[in-house]
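To start, the structure under review is shown below, and the notes come after it.
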Amino acid sequence: MKVRCRFAPSPTGHVHIGNMRAAIYNWLYARHHGGAFLLRVEDTDRERSTPEAVQTVLDAMTWLGLDVDEPALYQSTRREAHLAAAERLLQSGHAYKLDKGGTGKGEAVLFRMPGRDMSFHDEIKGELHKGAADLPDFVIVRSDGNPVFHLANVVDDLAMDITHVIRGDDHVENTYRHVALFEALDARPPTYAHLPMIVNAQGKPYSKRDGAAFVGEFQEQGYLAEALFNYLVLLGWSPGDDREVMPRTEIVERFSLDRVQAKPAQFDMKKFLWMNNEYIQRAPEAEWTARFRAAFPEATDDAYLEHVIALMKPRVKVWADIAGAAYFFRETFPIDHDALRKRLEPAGTRERVAALRDRFAALASFDAAALEAELRALAEAAGLKPADLIHPVRLAVSGQAGGPSLFHLLEVLGRDVVLRRLDRLGGF
RNA sequence: GCCCCCAUCGUCUAGAGGCCCAGGACGCUAGGUUCUCAUCCUAGUAACACCGGUUCGAAUCCGGUUGGGGGUGCCA
């Protein structure tokens, strides 16, 4: 039988990384087995399930490259099917009406559990059991006539011909109900796999308070989709050897549910940042160019841009870091005043920088080697360490305490810009 | 409270009775490279939760304890 997996989010306006990991695992399982990956939008909460909220889910999936094989099924269109199933269960004696709790709100439809101990196989946790006493009947249609999640979920999985349900740990206990529902509907339940949760440093469910928790935030902050994909896959699964940074094709090839952990995993921002860096450094040149152009529309000189990228690349860990290269393109850029003050402190520094400026102005060729020779010569003549000149010059031209090799930086900026910024030092 | 699940370095994990006085990665620390920052290189640090069994032999099997997580809705 062909594998059919699904991702069934309720659109809330945000896509939590825990949900996205479930989507990724479903996608991987389907792709590994040459099956189908489907999307079901559980949009029965009309308040929150706005078109924008649905679009957020779609965007997140597109960004991470989770392609869907069939048109999405919107649960809100399925109400009649859900109610028909309830009616069928009523007819077959698997359900009954009751004013549960005597609320006076009218009668709800309750599903009659089998009244025996139950068990099911979980691909991650193994054989799970529960006693009949802990499996009470439950509502499948509210007294207001609306179907409940459990009913809708099972009826839709049936309609979509789902073979494997890979979802969060919070659904483990629901699974007994779902299995019973499938059986009462004369259907074979799908295979289940419950993923442990993603937790924070305190072991509690990872939330927005712990940092970026939604897919959209990672995208906005300049992380790479492939890095997030790779990191999320490794959060609870490993291929069994020491491979970590893997191309997607390899992950698809090696993925299996039996290597998924049964315990919660902590999201480690440090390691994710490392992972992101692995990917960003390998990003195609065209991507780097596009990112720089987007950040600095004034970058029109291709050769110049190429030089800047070469200098900045190892210092960019997240696309947002590109903003730190502003001094290459603009005359107004952030200045680290504390560092500048400190570097200008030693007596005579300004004068020596001014002298250096004049020497730079007179240079026959404004290249890194010549600049370095000139600066070192002046430093030696003044009885200083090269660093005593390098730091103030760096602050003067870039506003920053750190950055690319100074002499290459100066060469790329060019004589005019460098001289102007050194002159400007007098104003500080 | 009751039910279910889980338990290897700080973190993510390898390990399915001897290959493990436990391996890799991130982190951290110390060196190296260097004009700074980042990168890079080298080394180091650090774990089988605890107590009992089973066995010639246990991180691996069993029981208990402790700790953690999930569930316990006419929410999803």
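Throughout, a chain's letter reflects where its sequence line sits, starting with A, and its residues are numbered from 1.
Between B:C56 and B:G31, the two C1' atoms lie 46 Å apart (nearest whole Å). Between the C1' atoms of B:G73 and B:G68, the separation comes to 25 Å (whole Å). As rounded to the nearest Å, B:A16 and B:U60 have P atoms that lie 12 Å from one another. Separating the C1' atom of B:A22 from that of B:A14 is a span of 10 Å, rounded to the nearest Å. Taking atom C1' in both B:C9 and B:C48, the straight-line distance is 10 Å, to the nearest Å. Here, B:U66 and B:A49 have their C1' atoms 8 Å apart, quoted to the whole Å. Between B:C12 and B:U8, the two P atoms lie 8 Å apart (nearest whole Å). Spacing between B:C41 and B:U34 at atom C1', rounded to whole Å, works out to 13 Å.
Between A:Glu331 and A:Arg420 there is a salt bridge, since a side-chain N of the basic residue sits under 4.0 Å from a carboxylate O of the acidic one. A salt bridge links A:Glu285 with A:Lys313: the closest approach of a Lys/Arg side-chain nitrogen to an acidic carboxylate oxygen falls below 4.0 angstrom. Electrostatic pairing of A:Asp169 and A:Lys125 counts as a salt bridge here, judged by a charged N lying under 4.0 Å from a carboxylate O.
When each of B:A76, B:U13, B:G15 is scored by its nearest atom to the side-chain atoms of A:Arg259, the top-ranked nucleotide is B:G15. Of the listed nucleotides (B:C3, B:C12, B:C35), B:C35 has the atom at the smallest distance from the side chain of A:Phe407. The nucleotide whose nearest atom lies closest to any side-chain atom of A:His171 is, among B:A76, B:C35, B:G71, B:A76. Picking from B:A14, B:C75, B:C35 the nucleotide with the shortest atom distance to the side chain of A:Arg142 gives B:C75. Which of B:C3, B:A38, B:U13 sits closest to the side chain of A:Glu173 comes down to B:C3. For A:Lys271, counting side-chain heavy atoms from C-beta on, the closest listed nucleotide (B:C3, B:A38, B:C12) is B:C12. Here the nucleotide nearest the side chain of A:Trp274, chosen from B:U39, B:A25, B:C35, is B:A25. Taking only side-chain atoms of A:Gln261, from C-beta outward, the nucleotide of B:C74, B:A14, B:G71 with the closest atom is B:A14. Counting only heavy atoms from C-beta on, A:Ala262 has its side chain closest to B:C6 among B:A76, B:U13, B:C6. Comparing B:G69, B:U39, B:A76 by their closest approach to the side chain of A:Asn277 singles out B:U39.
As the counterpart of B:A49, B:U65 is assigned, both hydrogen-bonding distances of the Watson-Crick or G-U wobble pattern falling under 3.5 Å. With a cut-off of 3.5 Å on both Watson-Crick or G-U wobble distances, the partner of B:A25 is given as B:U11. Shown here, B:U33 forms no base pair; nothing in the strands shown gives a Watson-Crick or G-U wobble contact with both key distances under 3.5 Å.
If you check distances only, the side chain of A:Lys263 never reaches the base of B:A7 with a donor-acceptor pair under 3.5 Å. Remark: the A:Asp99 side chain and the B:C74 base include a donor-acceptor N/O pair separated by less than 3.5 Å. At a cut-off of 3.5 angstrom, counting only N and O atoms as typed in the model, there is no donor on one side facing an acceptor on the other between the side-chain of A:Asp170 and the base of B:A76.
For A:Leu375 against A:Pro386, the heavy-atom pair with the smallest separation is CD2-O, 3.8 Å.
Following rounding to the nearest Å, A:Leu195 (CG) and B:C6 (P) show an atom-to-atom distance of 15 Å. The CE atom of A:Met269 sits 22 Å away from the P atom of B:A25 (whole-angstrom rounding). Nucleotide B:G73 holds its C1' atom 16 Å from the CG atom of A:Leu151, rounded to whole Å. When rounded to the nearest whole Å, the span between CG of A:Asp258 and P of B:G15 equals 10 Å. Atom CD of A:Gln400 and atom P of B:C35 are 20 Å apart (whole Å). Whole-Å rounding puts the A:His408 NE2 to B:U39 P distance at 20 Å. The nearest whole Å value for the distance from the CG atom in A:Asp242 to the P atom in B:C26 is 11 Å. The distance from atom CD1 of A:Ile124 to atom P of B:G69 is 20 Å, rounded to the nearest whole Å.
A:Leu389 comes within 4.0 angstrom of nothing in the nucleic acid, heavy atoms only. Note on A:Lys204: only backbone sugar-phosphate atoms sit closer than 4.0 angstrom, heavy atoms only; bases stay farther off. A:Arg48 comes within 4.0 angstrom of nothing in the nucleic acid, heavy atoms only. Among the atoms of the strands shown, none is found under 4.0 Å from any heavy atom of A:Val172. If you check every strand for non-hydrogen atoms under 4.0 Å, A:Ser143 touches a base. In this structure, A:Gly240 reaches the sugar-phosphate backbone alone: every heavy-atom distance under 4.0 Å involves primed, P, OP1 or OP2 atoms, never a base. Nucleic acid contact for A:Leu234: sugar-phosphate only, since backbone atoms but no base atoms lie under 4.0 Å from a heavy atom of the residue. Contacts of A:Gly131 with the nucleic acid, taken as non-hydrogen atoms under 4.0 Å apart, are absent. The residue A:Pro205 sits close only to the backbone: its heavy atoms come under 4.0 Å of sugar-phosphate atoms, none of a base. Nucleic acid contact class of A:Gly126 (heavy atoms, under 4.0 Å, all strands): none. Heavy atoms of A:Glu42 sit under 4.0 angstrom from primed sugar atoms or phosphate atoms, though from no base atom. Heavy atoms of A:Asn174 sit under 4.0 angstrom from at least one base atom. Residue contacts for A:Gln266: at a heavy-atom cut-off of 4.0 Å it reaches the sugar-phosphate backbone alone, with no base atom in range. If you check every strand for non-hydrogen atoms under 4.0 Å, A:Lys313 touches nothing.
Between A:Leu98 and A:Gly402, it is A:Gly402 whose nearest contact on RNA chain B lies nearer the 5' terminus. Place A:Lys100 and A:Met197 on RNA chain B by their nearest nucleotides, and A:Met197 ends up nearer the 5' end.
Within the 4.0 Å cut-off from OP1 or OP2 of B:C35, not a single side-chain nitrogen or oxygen of A:Ser405 is found. Checking the phosphate oxygens (OP1, OP2) of B:U39, no side-chain nitrogen or oxygen of A:Arg282 falls inside 4.0 Å. Phosphate contact (OP1/OP2 of B:C5, side-chain N/O of A:Lys130, threshold under 4.0 Å): absent.
You'll find the side chain of A:Ser76 stays beyond 4.5 Å of the side chain of A:Val41, heavy atoms only.
Side chains of A:Gln281 and A:Asn277: a donor-acceptor N/O pair is present below 3.5 angstrom, by distance only. If you check the side chains of A:Tyr96 and A:Asp137, you find a donor sitting under 3.5 Å from an acceptor. Neither side chain, A:Arg167 nor A:Asn26, offers a donor N or O lying under 3.5 Å from an acceptor on the other.
A perpendicular orientation is assigned to the rings of A:Tyr206 and A:His16, their planes being inclined by more than 60° (bins at 30° and 60°). Between A:Phe296 and A:Phe292, the ring-plane angle classifies as tilted under the 30° and 60° cut-offs.
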